[in-house]
Structures are given as C-alpha cells and as structure tokens.
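First the structure, in the form of structure tokens, and then the observations on it.
None of the values given here were measured: they were computed from a predicted structure. Heavy-atom basis, side chains included; hydrogens, waters and symmetry copies ignored. So you know, we letter chains A, B, ... as the sequences are listed, proteins then strands, and number each from 1.
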Number of protein chains: 2
Amino acid sequence: MKKRASLKDIAQEAGVSTALVSYVLTNKEEKARVGREMASKIRKIARKLNYQPNYLARSLKSGRTDTIGLIVADISNPFFGQIARIVEDEAKRHNITVIFGSSDENAEKSADLMNVLLNRQVDGLIVIPSEGSEQQILQLSERHVPFVLMDRPFPSIAASSISINNFEASYNAVEHLLHSGRKRIGMIAYQTGLHHIAERRRGFEEALANAGLKTGKRLKLARYNHLREDIRKAIDQLTGGKHPADALFFATNSLAIEGLRYISELGIRVPEQLAVVSFDESEAFDLFHAPVTFIRQPIREMGKAAVQLLLSQIADSGRPPEDIRIDAELVVRRSSAAN
Amino acid sequence: MKKRASLKDIAQEAGVSTALVSYVLTNKEEKARVGREMASKIRKIARKLNYQPNYLARSLKSGRTDTIGLIVADISNPFFGQIARIVEDEAKRHNITVIFGSSDENAEKSADLMNVLLNRQVDGLIVIPSEGSEQQILQLSERHVPFVLMDRPFPSIAASSISINNFEASYNAVEHLLHSGRKRIGMIAYQTGLHHIAERRRGFEEALANAGLKTGKRLKLARYNHLREDIRKAIDQLTGGKHPADALFFATNSLAIEGLRYISELGIRVPEQLAVVSFDESEAFDLFHAPVTFIRQPIREMGKAAVQLLLSQIADSGRPPEDIRIDAELVVRRSSAAN
DNA sequence: AAAATAAGCTTAAACGTTTAAGTAACCTAG
DNA sequence: CTAGGTTACTTAAACGTTTAAGCTTATTTT
C-alpha cells in the first residue's frame with residue numbers, strides 16, 4: 001500500500017504545525033481560533049493529498065475505537081446472519097464499525113473470540129452466548145466491559161439483555177395447536193442448559209398442563225452435534241406406537257428443517273397427519289408443501305435495541321443493566337391447519 | 001472499562017525499562033540478551049497483571065493490523081453467510097481478524113464500506129463486488145491496496161479473483177436438462193452487467209444452440225429491487241402460451257426461492273410439468289416437495305483460497321494478480337427427473 | 001595488565017493523533 | 001503609554017508499542 005498522507009505532510013506543505021492542522025480538520029477551529037485563510041488553505045491541501053485520518057493513532061489517543069464486537073452463535077444460520085446485518089446497519093448509523101465472529105456454539109471458541117475482540121480494543125460487545133460461556137460473561141462484567149446479551153439471556157448474571165418472551169411465545173404456539181384440535185403434541189428441543197430453550201420447554205409443558213394434558217414422553221431433546229440422528233430417533237418415537245403424535249413443535253429453525261427433511265422422507269402428511277410449528281423464520285418454511293407455521297422474532301427491533309442499549313452503556317458506564325423483553329408473533333399457516 | 005495493564009506498569013513493578021519488558025514479552029530475549037532471571041520475573045508479573053498487548057499501539061508502530069476486510073454482497077443470504085464464516089475461520093488460522101460489511105448489492109454502500117475498512121487500516125480486502133463498483137475496485141488497484149475479488153470477477157480489471165467456472169457450470173446444467181428430455185427450457189437471471197451472471201447466461205444459450213435449439217424469448221431477467229414482481233411476470237410468460245416451458249433454470253438461489261414460491265402457488269407440478277434447476281445451495285431446496293437439483297459451489301475451497309491468496313498478496317505486494325477458477329458440481333435430485 | 005568481547009540493561013525516537021499550555025504580535029481601553 | 005485582552009499560531013506531552021543504538025560492568029583474550 002502506498003503511504004497515506006498524515007497530518008505532518010499537510011503541515012509541512014502548509015508551513016504550519018501539525019497541531020493547527022489537527023484543529024482545523026477536526027473542526028475545532030473556533031475553539032482554537034484558527035485564521036479563516038489558513039483554515040481553508042489547510043483544508044484544500046488535505047483534499048489535494050486525499051487525507052484520511054489514521055484511526056489507530058486517533059484511538060490510541062482517545063481510548064475509543066468506535067468499534068463494537070458481535071459474537072453470534074453460528075453465522076451460517078440465516079437467523080444470525082440477519083442479526084449481523086441489522087446490527088451492522090444500525091451501528092453504521094452511529095458511525096460505529098462492527099467486528100464479528102461466530103462461536104459455532106462452542107464455548108472455547110467463544111472465549112478465544114472474546115479475547116481477540118477485546119485485544120482489538122472494541123468499545124463494547126454484543127454477544128449471543130453459547131452454552132457454557134457463563135464464566136466468560138461474568139468476566140466481562142467484572143472487567144467492566146460494556147456488553148449486551150442478545151437472544152439468550154443469562155438470568156443468573158446481572159447483565160443487559162435483549163430477547164423475546166420465550167415462555168409466552170411457546171405457550172401461545174402450543175395453545176394454537178390445541179385450538180386446532182391437536183391432542184398429542186410433541187416437542188423437539190435442543191439438549192442444552194441455555195435459559196431461552198428452557199423457557200420454550202416450560203411454555204410447552206405449562207400450556208399442556210393447563211389444558212389438562214400431560215407432557216409424558218412427548219418432549220424430546222437433540223444434541224447440537226448429533227442433530228440428524230437424534231432428530232430422526234425422536235420423530236420415530238413420537239410418530240410411532242399406538243398413540244402417535246398429531247402435532248410437532250420445534251424449538252428452533254434448524255431443528256425444524258432437519259425434522260421436516262425426515263418427515264418428507266417418511267411420507268408423513270402435513271398437516272393432515274401431523275401439524276408442525278417452529279420457532280424462528282426460514283425461507284425453507286415457505287417452500288415446504290404446507291407452508292410452516294412459525295414464531296417470528298422481531299429481529300430488526302431486537303438488533304436495533306441491542307446496538308442502542310450497548311451504546312448508551314458505553315456512554316455511561318455506571319448505567320444499571322436493563323432487560324428488554326420483546327413479544328414474538330405467531331404466524332399461522334397451513335402446516336398447523338385444523339383437520 | 002477498567003484500565004488494562006501496559007508495558008509501563010510491568011516495567012515499574014519489575015523496576016526496569018519498558019524496552020526490556022517488550023523484548024521479553026515478544027520473545028526477543030535471545031537477541032536482546034535479557035537475563036534468565038529477569039525474563040522469568042517479567043513474565044510472572046505480566047501474568048499476574050493479566051497483560052494483554054495493545055494492538056492499536058503495536059499496529060501504529062508496525063504498520064500492520066493483522067486485520068482484513070470482507071465485503072459481501074448481502075450477508076442475510078446464507079450463501080454469503082457461509083462465505084463469511086469460512087473466511088473468518090481461515091483467517092483465524094493465520095491469526096488474522098476479519099472486519100466485515102454487507103454492501104446490499106449497492107455500489108454506494110460498497111464505496112462507503114470500503115472507506116471505512118481502509119480507514120481502519122485493514123491490511124487487505126476480500127470483496128464480493130456489487131454492480132457498478134468497477135471504479136472503486138480500480139481505485140484499490142491504483143492505491144496498491146492488496147485485495148481479492150470473490151465469486152464475481154471483473155475481467156476488465158487486472159486483479160486477483162476466485163470464482164467458479166460459471167459458463168461451464170451453466171452449460172452442464174442445461175445439458176442435464178436436455179438429457180432428461182426437456183425441450184423448452186427457460187432461464188431466469190438477474191438483470192445486471194456483472195460478469196458471472198453474463199457467463200451463466202452464455203452457458204445457457206450455448207448449450208441450447210449446440211443442441212440445435214434457439215433461446216428465443218425463454219431468457220428472462222429480473223431486477224434485484226423488483227424481484228417478486230419480475231419473477232412472477234417471467235414465470236407467467238414462460239409457463240403460459242401454446243408452448244409452455246418444460247424446464248426452468250434459475251441463475252441464483254434467491255431467484256429460485258422466489259420462483260418456487262410462485263410455482264407452488266400456481267400448483268405447477270415439479271418435475272412432471274416443469275423441471276427445476278438452480279445455482280447455489282439452500283436449505284429450502286431440500287424441503288421443496290421435489291428436492292431441487294442445484295449447482296453446488298465449493299464455498300469452503302473458495303473461501304480458503306481467497307484468504308490464502310490475499311495473505312500472499314499482502315506479504316509480497318509485487319505479486320502478479322492470479323485468477324483461480326474452480327469447478328462447480330451439479331447435484332441432481334428429483335426436481336429435474338426425466339418424465 | 002591492557003584490550004577486546006560479552007552480558008545486561010537503558011535511552012530515545014518513532015508511529016499519527018489530540019489538546020492543554022505557552023508565546024508573540026497586535027489591538028484596545030483607561 | 002501601558003496593562004490587559006485578543007488573535008493566530010507553536011510547543012510539548014501523551015497514548016502503548018518497537019527497536020536501533022548506547023552505556024556500564026564483568027569476563028575473557030592476548
């Protein structure tokens with residue numbers, strides 16, 4: 001790369017000190033009482049040399065980098081991809097750059113990533129935490145790093161968070177299935193200690209309980225690293241036996257997509273034999289022969305809120321943590337039609 | 001954020017100069033002939049204070065940031081999301097951080113982004129260029145910024161690029177449709193001057209020509225910003241009339257997904273009435289009642305190659321540009337079965 | 001025993017900014 | 001005419017590193 005022009009180069013050409021140039025180019029001429037002529041001369045030279053400030057130097061001095069870090073759980077999942085995009089857009093509106101990383105649902109990778117980002121002196125972090133990362137998050141808190149948890153709050157940690165009302169969303173979805181006449185509703189969730197999934201499970205169980213039904217063995221768990229086999233086994237169990245399930249509720253889009261692949265393969269008719277509802281959105285849901293009923297998370301709203309909350313946290317480090325809980329929307333389509 | 005420990009803090013506690021500390025912590029003790037005892041004392045203190053080097057200061061000195069920029073065309077498209085993930089992984093293997101941005105297929109936004117990234121002193125760029133960004137790319141070249149184009153080469157610009165053999169992939173896909181007995185093959189592509197799309201169109205046209213067929217009005221274009229309406233119109237035209245198309249070839253996954261939505265709506269039977277083939281992968285293709293035949297781009301290979309090419313470009317700025325062309329694979333499934 | 005070498009450290013400058021404090025020249029008011 | 005103010009600049013230090021060059025003191029060589 002060719003050497004870029006620095007304040008020094010401009011100063012030299014204008015025959016003044018770098019300080020003066022700095023005052024002008026950061027629009028502090030008033031305060032520094034720079035002469036009108038000199039100011040315009042400096043500006044002209046700056047333009048001629050195509051001066052671009054060196055953010056490194058500036059940040060070194062100011063202690064701020066105008067950069068935030070975003071750690072998502074898995075960037076190849078469009079759900080997180082969308083979040084990344086919205087966070088980036090919103091950040092740019094505030095002249096903030098985003099450095100991102102994907103933890104791939106792996107606590108170790110997440111810790112690495114966090115270190116890298118903090119070493120790059122980000123001003124703060126937005127984190128979609130993976131399982132087992134409580135300690136890391138706690139450390140952020142102790143080191144007084146401004147951060148916001150997104151999508152997955154940790155109730156045990158006093159930290160700002162943005163998420164949907166998982167319990168309620170789940171409850172409503174199951175209630176919808178009940179209203180459409182389903183009696184033997186199964187759920188497939190991740191096997192994880194993460195609170196948002198626990199809440200989704202709780203919503204499922206409570207909705208059934210309130211309808212006088214018992215969950216029984218209809219709640220199945222799949223391991224993230226054995227998604228395919230676990231889901232197939234779960235579906236085999238749920239749809240087999242004397243009392244096969246007549247509805248299936250998936251706790252995330254990736255679970256649903258893998259599940260629907262198998263359901264297609266088995267030739268199970270949706271919604272006649274089996275109603276389907278899933279959390280999260282996916283283009284794949286539209287192309288399934290019976291468009292899939294899903295719980296839409298207000299991603300845009302969440303992303304914006306996350307950035308704004310983080311920025312105010314950065315601006316005022318004494319700010320108490322804030323939990324923002326947003327309602328999700330059930331989008332009813334053919335996969336859960338009454339029969 | 002609490003103040004982090006600096007070399008100075010360590011030096012003070014050890015009663016030595018910062019220089020000595022620097023030598024030890026950058027493992028130059030041999031060269032600088034630091035005493036064994038002192039070295040271990042310094043290391044111990046560094047550990048105790050949890051010293052983390054300040055990359056800003058280091059970069060300011062060295063002129064390198066160990067950071068590359070990635071500009072994708074649209075991060076909310078899983079295709080690019082995957083690329084982002086792979087680029088990030090590969091970069092991390094080399095201890096390089098990635099700063100990314102999405103141009104949303106918008107040349108202006110792309111220019112903004114480029115400036116932001118360059119101002120952050122990235123060592124180089126990987127760009128998936130959007131339409132109309134030739135000038136920006138040319139400027140990169142003139143400013144001697146190391147960069148690599150990905151997915152979409154600009155044949156008019158001497159620059160390194162990684163892409164698939166679009167012409168050939170397209171040709172093969174159409175040939176496959178011909179072999180499965182299709183005679184009236186339509187194609188829907190983006191209306192764009194981008195070379196990779198032009199190549200895909202050329203592959204389509206030539207495959208038909210070689211089979212003694214003419215393209216006629218069976219090549220339809222859709223505008224990125226009017227995707228839905230343009231695709232619907234195109235499909236109406238292609239499937240209507242006396243000689244309705246018996247196969248449809250989509251130039252990208254987003255075109256295909258929008259198209260398949262409409263095809264489902266219209267109740268057109270795939271593959272009986274209409275065979276379907278698309279470029280790129282998508283989970284949605286799996287869930288379509290007739291799993292969609294598609295052209296798989298070797299994303300991992302491309303991502304790795306892009307990072308490696310960029311890094312060698314950064315290391316040796318005199319290096320001549322290199323074009324890497326990788327073959328894509330046609331994955332045949334039910335949507336294009338013979339009838 | 002003087003000279004050369006080695007060992008173990010320090011000094012100081014540099015990277016490109018920002019900004020408080022200082023200075024010199026001129027102007028104005030009493 | 002002179003104290004005080006204003007204008008238009010400069011000086012210098014600081015942010016946290018890196019690294020060539022310098023400086024002691026101790027050890028080896030001849």
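Looking at heavy atoms from C-beta onward, B:I126 lies out of side-chain contact with B:F147 at the 4.5 angstrom threshold. By the 4.5 Å heavy-atom criterion applied to side chains, A:M150 and A:I324 are not counted as neighbours. Residues A:R300 and A:E90 form no side-chain contact, since every pair of their non-hydrogen atoms from C-beta on lies 4.5 Å or further apart. Taking 4.5 Å as the limit, every side-chain heavy atom of B:L125 sits out of range of all side-chain heavy atoms of B:V148.
Protein atom CZ of A:R64 is 18 Å distant from nucleotide atom C1' of D:dG16, rounded to whole Å. In this structure, B:I10 atom CD1 and D:dG16 atom C1' are separated by 11 Å, rounded to whole Å. Rounded to a whole Å, the CG atom of A:L7 is 6 Å from the P atom of C:dT18. Between the CG atom of B:D9 and the P atom of D:dG16 there is a distance of 8 Å, rounded to whole Å. For the pair B:L60 CG and D:dT19 P, the interatomic distance rounds to 13 Å; values are reported in whole Å. Rounded to an integer number of Å, the gap from CZ of B:R58 to C1' of D:dC15 is 16 Å. Here C:dC15 presents its C1' atom at 13 Å from CG of B:N54, a figure rounded to the nearest Å.
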Cut-off 3.5 Å, no hydrogens considered: what does the side-chain donor-acceptor table look like for residues 56-64 of chain A, sequence neighbours left out?
residue	atom	partner	partner atom	Å
A:S59	OG	A:Y55	O	2.8
A:S59	OG	A:R64	O	3.0
A:S62	OG	A:R58	O	3.1
A:S62	OG	A:R64	N	3.1
A:S62	OG	A:R64	O	3.2
A:R64	NH1	A:D66	OD1	3.0

Please tabulate, for side-chain N and O atoms in residues 134-141 of chain A, each donor-acceptor pair with protein atoms closer than 3.5 Å (sequence neighbours left out).
residue	atom	partner	partner atom	Å
A:Q136	OE1	A:S110	OG	2.7
A:Q136	OE1	A:A111	N	3.4
A:Q136	NE2	A:A107	O	2.9

Using atom names, set out every protein N or O paired with an N or O of nucleotides 10-14 of chain D below 3.5 Å, distance rounded to 0.1 Å.
residue	atom	partner	partner atom	Å
D:dT10	OP2	A:S17	N	2.8
D:dT10	OP2	A:S17	OG	2.9

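Within residues 29-43 of chain A, the residues that have a heavy atom under 4.0 Å from DNA chain C are, in order of number, A:K31.
B:S62 comes within 4.0 angstrom of nothing in the nucleic acid, heavy atoms only. If you check every strand for non-hydrogen atoms under 4.0 Å, A:S22 touches a base.
The two residues B:S102 and B:D104 make their nearest non-hydrogen contact at OG-OD1, 2.7 Å.
Side-chain proximity of A:T26 to D:dC15, D:dT17, C:dT18: nearest is C:dT18.
For the residue pair B:D151 / B:S163, no side-chain donor-acceptor distance below 3.5 Å is found, with atom types taken as modelled. A donor-acceptor contact closer than 3.5 angstrom links the side chains of A:R85 and B:S76. B:E322 and B:Q313 share no donor-acceptor pair across their side chains, judged by distance under 3.5 Å alone. Side-chain polar atoms of A:R120 and B:T97 form a donor-acceptor pair below 3.5 angstrom.
Listed by first then second residue, pairs satisfying ring-ring contact (aromatic ring centres under 6.0 Å, His included) with a partner in residues 3-23 of chain A number zero, not counting sequence neighbours.
Between A:K28 and the phosphate of C:dT18, there is no side-chain N or O to OP1/OP2 separation shorter than 4.0 Å. OP1 or OP2 of C:dC15 has not a single side-chain nitrogen or oxygen of B:Y55 nearer than 4.0 Å.
Defining each end axis of the helix from C:dA1-D:dT30 to C:dG30-D:dC1 as the rotation carrying four pairs' C1' atoms onto the next four, with five pairs an end, the two axes are found to diverge by 60° to 10 degrees.
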